[in-house]
Amino acid sequence: MADTKAQDALVSIPALLARNARVFGDKPAFREKEYGIWQSWTWAEAAEETRALALGFLELGVAPGDHVAIIGTNRPALYWSMVAAQMCGAIPVPLYQDAVAEEMAYVLDHCGARFIVAEDQEQVDKVLEIADRVGHIEHIIYQDRRGMRKYDHTRMNALEDVQKTGRAAHDRFDGEVQARMDALGYDDTCVMLYTSGTTGRPKGVVLSNRNIIEASKSSSEFDDLGPGDEILAYLPMAWVGDFIFSVGQAYWTGFCVNCPEGANTMQEDLREIAPTYFFAPPRYFEGLLTQIMIRMEDAGPLKKKMFDHFMAHARKVGPNLMDGKPVGLWDRLKYALGDVLVYGPLRNRAGMSKVRVGYTAGEAIGPEIFEFYRSLGINLKQLYGQTEASVFITQQPDGEVRADTVGVPSPGVEVKIAESGEVFYRSPGTFVEYYKNPDSTKDTKDPEGWVATGDAGFFEEGTGHLRIIDRAKDVGKMADGALFAPKYVENKLKFYPNILESVVFGADREMCCAFINIDLTAVGNWAERNNISYASYQELAGHKQVLDAVQSHVEEVNISLASDTMLAGCQVHRFLVLHKELDADDGELTRTRKVRRRIIEEKYGDLINALYDGSKSISTVTEVTYEDGRKGSISATLEIRDAKVAPVAQKVAAE
């Protein structure tokens, strides 16, 4: 009975923190690497730091219902700031740290943030740049003191000083903080997270304590997560996945959240921590595979031959071993030898030597990339989710992991497919509303709680697994009626280390064509090995041998597509290699690195027309945004190439 009462009381993140301080008090809760040394806080220490910050917030005047913006990279103090705001009855609103001032202005104005918690001088400067337009900002709190000494501190404080003030004022505010914590209900707002704005202005997704805690509880139980697990928190704090993993699940289970020193040390920090639970978007796994392939190209002949030999064996039997399927004794012994010589060192190099559960989501991952990691013995799985779902819609159970599905409905989630093919779901994690946007809320969520995902998919007969084809608005028909699913083709292209990004066109057209972005790291490494000099990305992207390599990749993908009767019409007939990388600062990608198709179609209309009118080259001028916010332009003449299209064997046989 006492356990039931304790469960009933866990209706907010602050309540979970209090439970963890009591139950897991001496266990590590947070680690942060600073100046090459890992600092650590137990759950008891984290609770004390967070409460001191909440007391300091009260001294500054944070009121119930206020929105407190959090801007910065993954830092324990910023996670504590979010929970401290909740202790005060306020609502944390994390922002993307790489957002430019203009993007921040929209979010801060829309949510009406009175208080800002910023990581450092860079983030403070962005806020000050827009403060006159966002007139309701009352106070800025910064964590890193460097460079801040000569700023006007009339409405500014160091986070450490706010904590000191809070500790000094505990006699006055302890009762008030406790009263506000006790007043928090299961259906009160826990956090507000903004969508990436793929098709328009970002929307503020209001998520309740019920949404976050129920989603965290069921997903943790699904993968048997517990206080002994470790994660590395390196993804944007404004992204719903990071909030669920680093706050929701961490506070529900009591596992430890590790924050790397910086983006440039993340890979090394990952190896040092060796987490047991890991999440990364497909782009991360694509980039890591590129690094591995580059290292193998640089390796000696013997090492390269050994890598190729054992990886061929791993692709044959590795996934079956992961899924517990029968594998012959000789194959097991050979795999064990490969584990000593190749797979184990690769897992260690990738920081995944102890990963028990790994997930990827956000975009579809190429099947070849997915199977590569599973063949190494990494339990990489796919999940399908949205901000509006508190992440989880479907997950892959152990033993049922495949590259072409996203699993079965997560515990407590209902999923249905509309006649149009669009996927709908409802669950305890379903969002409350879009902030100040009742029309969009009504369009997305019906009175019965069913949410339209905007994705097209279907359930497989027999397995009950969900297959996502593409965004519903992007799935279309070719002029001849064949299915057009661009993301499927793009993911196949991105399997190649030389290709960083691709955008495929073809809806209502006679054929598919594509834009390609080369991966500067991979192609630059190739150029160095072959003594090919280049002065810029643009020059390398237009090099004949680079274009030849990309053409061979496109034609290999066409052969693969030809074997799929449903998608054979999506073979790429013509392509060009773009003269610049697609960039979020230029509006071509979202902050979560998703392609903004409509913007690309408008911005590069001349290039698309050239792909379809038979041109062999096209001269163009493109506006770009530099790191300091200045605008400029680059001119280029791009070669357009034809790619061989493979015959569709099945159709020929049928005729």
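Atom set for the values below is all heavy atoms of this structure, side chains included, hydrogens, waters and symmetry mates excluded. When a residue number appears, it is its place in the shown sequence, counting from 1.
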Visitor: Say you draw a straight line from CG of Asn348 to OG of Ser353; how long is it, rounded to the nearest 0.5 Å?
Guide: 5.0 Å

Visitor: If every non-hydrogen atom of Val413 is compared with every non-hydrogen atom of Ser427, which pair is closest and at what distance?
Guide: CG2-CB, 3.6 Å

Visitor: Report the C-alpha distance between Glu388 and Lys203 in whole Å, list the side-chain angles of each, state the deciding distance to 0.1 Å, and finish with yes or no for salt bridge (charged side-chain N to carboxylate O under 4.0 Å, His left out).
Guide: CA-CA 10 Å; Glu388 292 86 345; Lys203 295 188 283 284; 5.8 Å; no

Visitor: Would you check, one step at a time, whether the test side chain to side chain contact (heavy atoms under 4.5 Å, CB included) holds for Phe255 with Leu225?
Guide: CA-CA 8 Å; Phe255 63 57; Leu225 302 176; 4.2 Å; yes

Visitor: Distance from Lys33 atom NZ to Glu268 atom CD, nearest 0.5 Å?
Guide: 6.0 Å

Visitor: Between Asp182 (side chain) and Ala179 (backbone), is there a donor-acceptor pair under 3.5 Å?
Guide: no

Visitor: Indicate yes or no: at least one non-hydrogen side-chain atom of Lys381 is less than 4.5 angstrom from one of Asp223.
Guide: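 The answer is yes, as the side chains (C-beta and beyond) meet within the 4.5 Å cut-off.
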
Visitor: Verify, without hydrogens or angle tests, whether Arg210 (side chain) and Gly429 (backbone) share a donor-acceptor contact under 3.5 angstrom.
Guide: no

Visitor: What do the steps show when you test Tyr79 against Phe243 for side chain to side chain contact (heavy atoms under 4.5 Å, CB included), and what is the final call?
Guide: CA-CA 9 Å; Tyr79 287 117; Phe243 191 84; over 6 Å; no

Visitor: Have Asp229 and Thr276 got a donor and an acceptor in their side chains that come within less than 3.5 Å?
Guide: yes

Visitor: Taking side chain as C-beta onward, heavy atoms only, is Leu207 less than 4.5 Å from Ser390?
Guide: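 They are in contact (side-chain heavy atoms under 4.5 Å apart), so the answer is yes.
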
Visitor: Please round to the nearest 0.5 Å and tell me the distance separating atom CD1 of Ile13 and atom CD1 of Ile212.
Guide: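 Between atom CD1 of Ile13 and atom CD1 of Ile212 there are 7.0 Å.
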
Visitor: For Phe173, what residues pass the ring-ring contact (aromatic ring centres under 6.0 Å, His included) criterion, not counting sequence neighbours?
Guide: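 By the ring-ring contact (aromatic ring centres under 6.0 Å, His included) rule, Phe173 matches no residue at all.
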
Visitor: Partners of Tyr277 by side chain to side chain donor-acceptor pair (under 3.5 Å), sequence neighbours excluded?
Guide: Gln249

Visitor: Which ring-ring contact (aromatic ring centres under 6.0 Å, His included) pairs, counting each pair once, include a residue from residues 81-116, with sequence neighbours left out?
Guide: Tyr106-His110, His110-Tyr194, His110-Tyr435

Visitor: Just so I know, are the side chains of Cys190 and Ser208 near enough to count as touching, which here means a heavy-atom distance under 4.5 Å?
Guide: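 They are not in side-chain contact.
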
Visitor: Are side-chain heavy atoms of Ile140 and Arg155 found at a separation under 4.5 Å?
Guide: no

Visitor: Ignoring hydrogens and angles, write down the donor-acceptor pairs under 3.5 Å from the side chains of residues 234-241, residues two or more places apart or on other chains.
Guide:
{"residue": "Tyr234", "atom": "OH", "partner": "Phe279", "partner atom": "O", "Å": "2.8"}

Visitor: Is any side-chain heavy atom of Glu45 closer than 4.5 Å to one of Glu48?
Guide: no

Visitor: Checking Asn379 against Asp398: is there a side-chain donor and acceptor pair closer than 3.5 Å?
Guide: yes

Visitor: Just checking, is any N or O donor in the side chain of Tyr425 or Thr394 under 3.5 Å from an acceptor N or O on the other one?
Guide: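 No, no side-chain donor-acceptor contact under 3.5 Å.
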
Visitor: Test of understanding: with side chain to side chain contact (heavy atoms under 4.5 Å, CB included), list the residues that count as partners of Val23, not counting sequence neighbours.
Guide: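 Scan of Val23 (side chain to side chain contact (heavy atoms under 4.5 Å, CB included), adjacent residues dropped) gives Arg19.
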
Visitor: Just verifying a value: how many Å separate Gln395 CD and Ser218 OG, rounded to the nearest 0.5 Å?
Guide: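 One gets 7.0 Å once the value is rounded to the nearest 0.5 Å.
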
Visitor: Side chain to side chain contact (heavy atoms under 4.5 Å, CB included) with Arg114: which residues, sequence neighbours excluded?
Guide: Ala63, Asp66, Glu138

Visitor: What pair of heavy atoms forms the shortest contact from Cys88 to Ala54, and how long is it?
Guide: SG-O, 3.4 Å

Visitor: Tell me whether Arg356 is salt-bridged to Glu230, with the criterion being a basic N under 4.0 Å from an acidic carboxylate O.
Guide: no

Visitor: Quick check: closest heavy atoms across Thr453 and Val423, and the distance to 0.1 Å?
Guide: OG1-O, 2.7 Å

Visitor: Applying side chain to side chain contact (heavy atoms under 4.5 Å, CB included), name anything that partners Ala21, two or more places apart in sequence or on another chain.
Guide: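 For Ala21 the side chain to side chain contact (heavy atoms under 4.5 Å, CB included) partners, ignoring immediate neighbours, are Ala47.
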
Visitor: Just checking, is any N or O donor in the side chain of Glu214 or Tyr186 under 3.5 Å from an acceptor N or O on the other one?
Guide: yes

Visitor: Mind checking the CG-CZ spacing from Leu159 to Arg145? Nearest 0.5 Å is all I need.
Guide: 9.5 Å

Visitor: Would you check, one step at a time, whether the test ring-ring contact (aromatic ring centres under 6.0 Å, His included) holds for Tyr359 with Phe245?
Guide: CA-CA 11 Å; Tyr359 274 111; Phe245 303 140; 7.6 Å; no

Visitor: Per the salt bridge (charged side-chain N to carboxylate O under 4.0 Å, His left out) rule, what does the pair list look like for residues 70-88, sequence neighbours excluded?
Guide: Glu32-Arg75, Arg75-Glu119

Visitor: Taking the side chain as C-beta and beyond, is there a heavy-atom pair between Leu53 and Val162 under 4.5 Å?
Guide: yes

Visitor: Assess whether side chain to side chain contact (heavy atoms under 4.5 Å, CB included) is satisfied between Gln396 and Thr405, documenting all intermediate values.
Guide: CA-CA 8 Å; Gln396 293 182 324; Thr405 81; 3.6 Å; yes

Visitor: Salt bridge (charged side-chain N to carboxylate O under 4.0 Å, His left out) with Asp174: which residues, sequence neighbours excluded?
Guide: Arg51

Visitor: Any side-chain heavy-atom pair from Met322 and Ile378 closer than 4.5 angstrom?
Guide: no

Visitor: Of the non-hydrogen atoms in Ser246 and Ile231, which two are nearest, and what is the gap between them?
Guide: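 Of all heavy-atom pairs spanning Ser246 and Ile231, the closest is OG-CD1, 3.8 Å.
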
Visitor: Restricting to non-hydrogen atoms, name the atom on Asn211 and the atom on Pro428 that form the minimum distance, rounded to 0.1 Å.
Guide: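 Distance-wise, the nearest heavy atoms are ND2-O, 2.9 Å.
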
Visitor: Any salt bridge between Glu49 and Arg167, counting N to O under 4.0 Å?
Guide: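 Salt bridge: yes.
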
Visitor: Just to verify, what does Lys445 make a side chain to side chain contact (heavy atoms under 4.5 Å, CB included) with, not counting sequence neighbours?
Guide: Thr430, Phe431, Val451

Visitor: With ring-ring contact (aromatic ring centres under 6.0 Å, His included) as the rule and sequence neighbours excluded, what pairs involving residues 135-156 come up?
Guide: Tyr142-His153

Visitor: Determine yes or no for a side-chain-to-main-chain donor-acceptor pair under 3.5 angstrom, with Ser219 supplying the side chain and Ser216 the backbone.
Guide: yes

Visitor: For the pair Val205 and Thr195, evaluate side chain to side chain contact (heavy atoms under 4.5 Å, CB included) and give the outcome as yes or no after the intermediate values.
Guide: CA-CA 7 Å; Val205 180; Thr195 61; 3.6 Å; yes

Visitor: Which heavy atom of Ala29 sits nearest to which heavy atom of Ala46, and what is that distance?
Guide: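 Heavy atoms only, the tightest pair is CB-CB, 4.4 Å.
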
Visitor: Evaluate the criterion ring-ring contact (aromatic ring centres under 6.0 Å, His included) for residue pair Trp43 and Tyr251; output intermediate values, then yes/no.
Guide: CA-CA 9 Å; Trp43 278 109; Tyr251 280 66; 5.1 Å; yes

Visitor: I need the full list of salt bridge (charged side-chain N to carboxylate O under 4.0 Å, His left out) pairs touching residues 423-436, with sequence neighbours left out, sorted by first then second residue.
Guide: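 Passing the test, one end in residues 423-436: Glu414-Arg426.
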
Visitor: To the nearest 0.5 Å, what is the distance between CD1 (Ile37) and CZ (Arg31)?
Guide: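 CZ of Arg31 is found 15.0 Å from CD1 of Ile37.
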
